[in-house]
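Just so you know, these numbers use all the heavy atoms, side chains as well, and skip hydrogens, waters and symmetry mates. Within every chain, numbering begins at 1; the chains are lettered A, B, ... in the order of the sequence lines, protein sequences first and strands thereafter.
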There are 2 protein chains.
Amino acid sequence: MHSKRNFSAKREAIYETLSSTNIHPSAEWVYEKLKTELPGLSLGTVYRNLSVFKEMGLAKSIGVINGQERFDAVMTPHPHFICRKCYRIMDVPKGYNIIERSVYGNVERECDATIEMHSITFYGLCRSCSEEEP
Amino acid sequence: MHSKRNFSAKREAIYETLSSTNIHPSAEWVYEKLKTELPGLSLGTVYRNLSVFKEMGLAKSIGVINGQERFDAVMTPHPHFICRKCYRIMDVPKGYNIIERSVYGNVERECDATIEMHSITFYGLCRSCSEEEP
DNA sequence: AATATAAATAGTAATTGTTACTGATTTGAT
DNA sequence: ATCAAATCAGTAACAATTACTATTTATATT
């Protein structure tokens with residue numbers, strides 16, 4: 001739709017890689033994925049561009065999972081499931097992101113703060129990890 | 001109640017410091033707080049004991065916030081509010097931790113996984129940070 | 001109480017993910 | 001084609017955390 005964004009070739013490739021996977025990759029993963037196709041790519045460039053995307057509102061951080069920051073180009077708010085064993089991150093449909101009306105106001109009063117957003121994360125074991133549990 | 005736990009003096013002090021604050025401290029904060037009272041305390045000891053508490057089920061991680069892991073000794077599941085500017089973490093009453101019955105089952109089906117827990121986090125600006133916004 | 005055994009610690013070094021810097025390259029506008 | 005601004009590679013710096021080792025402290029046994 002809006003594919004011409006005046007991105008440099010590398011920036012475009014990084015965005016393309018990020019947005020066409022659902023694994024919520026780390027910078028390292030994006031770098032590994034691209035470096036065969038773009039031999040002259042630097043890991044620093046991946047980090048820098050992921051920051052750029054965050055500032056532009058084209059990507060967000062899922063948080064630091066097992067020591068690495070994980071990213072998502074899907075900007076529609078939705079929960080995630082994180083496997084406590086393999087750290088796989090899966091999307092949960094946005095329909096499950098609902099916090100009951102009235103909660104925002106109540107939490108704002110409880111915390112004396114302005115709430116701008118919320119996030120819901122489910123934790124447990126993915127299928128393949130639970131099959132190999134003790 | 002269960003104050004005699006056969007903890008070493010330092011382990012006890014670290015647990016006491018962690019459990020008697022509601023700021024959800026980092027290892028560094030616990031260390032700074034204790035080092036006047038326990039001049040021979042090592043930062044590594046704080047890290048190690050926080051890990052021990054996690055393994056023992058006496059503490060849990062709130063996640064890595066602004067580059068530092070933050071801890072909580074309150075084990076009853078409850079949401080948190082995190083200020084996006086000062087990274088203050090506040091407790092939200094556990095009554096707001098409710099995920100509608102049926103959601104766990106649905107998410108398990110959607111993700112092909114076993115859900116063990118969930119976490120809800122609210123983000124925004126705390127009072128003092130919103131007063132100094134541009 | 002003395003001694004053996006295990007656990008915990010200080011202090012330091014090593015590791016890891018990430019960020020900052022610098023000089024070279026690429027890009028976009030003229 | 002030219003030039004200023006943006007982007008980049010490569011490396012160094014950084015910060016949080018973990019690992020390691022020698023020493024100390026606690027616990028158990030006699």
S.K.: Using the side-chain heavy atoms of B:Tyr47, tell me which of these nucleotides is nearest: C:dG17, D:dA9, D:dT18.
M.R.: D:dT18
S.K.: Fit a plane to each ring of A:His24 and A:His78, take the angle between them on a 0 to 90° scale, and name the class: parallel (under 30°), tilted (30 to 60°) or perpendicular (over 60°).
M.R.: tilted
S.K.: Return no unless some side-chain N or O of A:Lys10 is found under 4.0 Å from OP1 or OP2 of D:dA9.
M.R.: yes
S.K.: Just the rounded figure in Å: distance from P of D:dT18 to CD of B:Glu28.
M.R.: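 In whole Å, D:dT18 P lies 14 Å from B:Glu28 CD.
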S.K.: Using a cut-off of 4.0 Å on non-hydrogen atoms, how would the nucleic acid contact of B:Glu69 be classed: base, sugar-phosphate, or nothing?
M.R.: sugar-phosphate
S.K.: Report the distance from atom OH of A:Tyr31 to atom C1' of C:dG17, rounded to the nearest whole Å.
M.R.: 15 Å
S.K.: Roughly, in whole Å, what's the span from CG in A:Leu34 to C1' in D:dA9?
M.R.: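 Distance check: A:Leu34 CG to D:dA9 C1' gives 15 Å.
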S.K.: The side chain of B:Thr45 is closest to which nucleotide in this list: D:dA9, C:dT9, D:dA16?
M.R.: C:dT9
S.K.: Is any side-chain N or O of B:Arg48 closer than 4.0 Å to OP1 or OP2 of D:dT18?
M.R.: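 Checking B:Arg48 against D:dT18: no side-chain N or O falls below 4.0 Å of OP1 or OP2.
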S.K.: Side chain of B:Ser42 only, heavy atoms from C-beta on: which candidate in C:dA8, C:dA10, D:dA16 is closest?
M.R.: C:dA10
S.K.: Check whether A:Phe7 and A:Val30 end up in the same hydrophobic cluster, where Ile, Leu, Val, Met, Phe, Trp and Tyr are linked by side-chain heavy atoms less than 4.5 Å apart.
M.R.: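 Yes, same cluster.
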S.K.: Given C:dA10, D:dG10, C:dT18, identify the nucleotide with an atom nearest to the side chain of A:Leu43.
M.R.: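 Output: C:dT18.
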S.K.: Between A:Lys54 and A:Glu69, is there a side-chain N and carboxylate O pair less than 4.0 Å apart?
M.R.: yes
S.K.: Mind calculating the distance between CD1 (B:Ile14) and C1' (C:dA7) to the nearest angstrom?
M.R.: 15 Å
S.K.: Should A:Asn49 be listed as having a side-chain N or O under 4.0 Å from OP1 or OP2 of D:dC8?
M.R.: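 Yes, within the criterion.
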S.K.: Does a nitrogen or oxygen in the side chain of B:Ser8 sit under 4.0 Å from OP1 or OP2 of C:dA7?
M.R.: no
S.K.: Under 3.5 Å, is there a donor-acceptor pair linking the side chains of B:Ser51 and B:Arg48?
M.R.: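 Not at all, the side chains of B:Ser51 and B:Arg48 share no donor-acceptor pair under 3.5 Å.
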S.K.: Between B:Gly67 and A:Gly44, just flag the one whose closest nucleotide in DNA chain D comes earlier from the 5' side.
M.R.: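 Comparing both residues, the 5'-ward one is A:Gly44.
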